Amino acid sequence: MRVVIKVGTSTLTHRTGNLNIRHVEELCKVISDLKNAGNEIILVSSGAIGMGVGKLALREKPRDMPTKQAAAAVGQCELMYTYDKLFSAYGHVVGQILVTGSDLKNAERYINFQNTLNRLLEMQALPIINENDTVATEEISVGDNDTLGAIVAVGAGADLLILLSDIEGLYTADPHTDAGAVLIPSVTELNQSILSLAGNAGSELGTGGMQTKLKAAGICMDSGIDMIIADGSKPLLLYDIADGKPVGTRFYGRK
Ligand code: GLU
């Protein structure tokens, strides 16, 4: 299976912006094992700005663009340093790809991106992709990594996109505030009643929320790719997904 796994800031860092060691260590271990089992994996990782906040000891997520970009420059190094160290321990080589929205819209650069991605996979390396936040101002940014994950899944011809998040999946209501909220295990059509469940939100340090996840689902489903939203605090769920067990919410690609 060729699988794109997108991991959000809320999974990788604590609210302080410091690394969530338990989550990240477990995640790298499971991904290494899934690669050992023969799966082709591409990681789309957020966390640059969040980890920059931690590393620079800022009190909160910056609001202005230059400070966000400076935090991303610092945090991206920290992120890749952490991944390189942890994946190396399991014998895996990582490669960093940073893209902007305009890179993905430009036909020539998009093909270059696909070529690099495919060659890294052929060489058994693990591509780790993020938006190039240091240059991606609003007009040229993808904006959130849920959408980036979907674009990557399409570009890579993946079988599946997994969005690891701070929520277990799509619920009938906000489970943080409504005790009666029920998890929706599968979605075959993004109709109005599903889209109306999006709310807005997003976590303190991350960018996305359910809206961006449903947008990502739309992109995947239109391209015949399945997408799963699963709880990022439990990386072991990736084994269940690989075994075909029901986890979180699965959006079925149009076949
Ligand atoms: N690219 C941003 C970062 O690495 C995150 C975007 C997102 O959370 O969707 O901090």
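The structure displayed is predicted, hence computed values, not measured ones. Ligands are counted one by one from 1 in listed order, and the atoms in each one are counted from 1 as well.
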Quiz item: Does a donor on one side chain and an acceptor on the other come within less than 3.5 Å for D33 and Y239?
Solution: yes
Quiz item: Judged by modelled atom types alone, do T82 and D84 share a side-chain donor-acceptor pair under 3.5 Å?
Solution: no
Practice problem: Look only at interatomic distance and state if N145 has a nitrogen or oxygen under 3.5 Å from any nitrogen or oxygen of ligand 1. | Solution: yes
Quiz item: Looking only at distance, does G143 have an N or O less than 3.5 Å from an N or O of ligand 1?
Solution: no
Practice problem: Would you check whether G47 reaches within less than 4.0 Å of ligand 1, judged by its heavy atoms? | Solution: yes
Quiz prompt | Residue pairs, two or more places apart or on separate chains, that pass side chain to side chain donor-acceptor pair (under 3.5 Å) and touch residues 117-126 | solution = R2-N118, R119-E122
For ligand 1, which atoms sit closer than 4.0 Å to a heavy atom of [X]?
X	value
S46	4 (O), 5 (C), 7 (C), 8 (O), 9 (O)
N130	1 (N), 3 (C), 4 (O)
A48	3 (C), 4 (O), 10 (O)
D144	9 (O)

Self-check item: Within 45° cone and under 6.0 Å: R109 NZ/CZ vs F113 ring
Solution: no
Quiz item: Counting heavy atoms only, which of L12, V7, D133 is nearest atom 3 (C) of ligand 1?
Solution: D133
Quiz item: Does atom CD of E139 have more than 12 heavy-atom neighbours from other groups under 6.0 Å away?
Solution: yes
Quiz prompt | Taking every non-hydrogen atom, the tightest pair across I42 and A156 | solution = CD1-CB, 3.6 Å
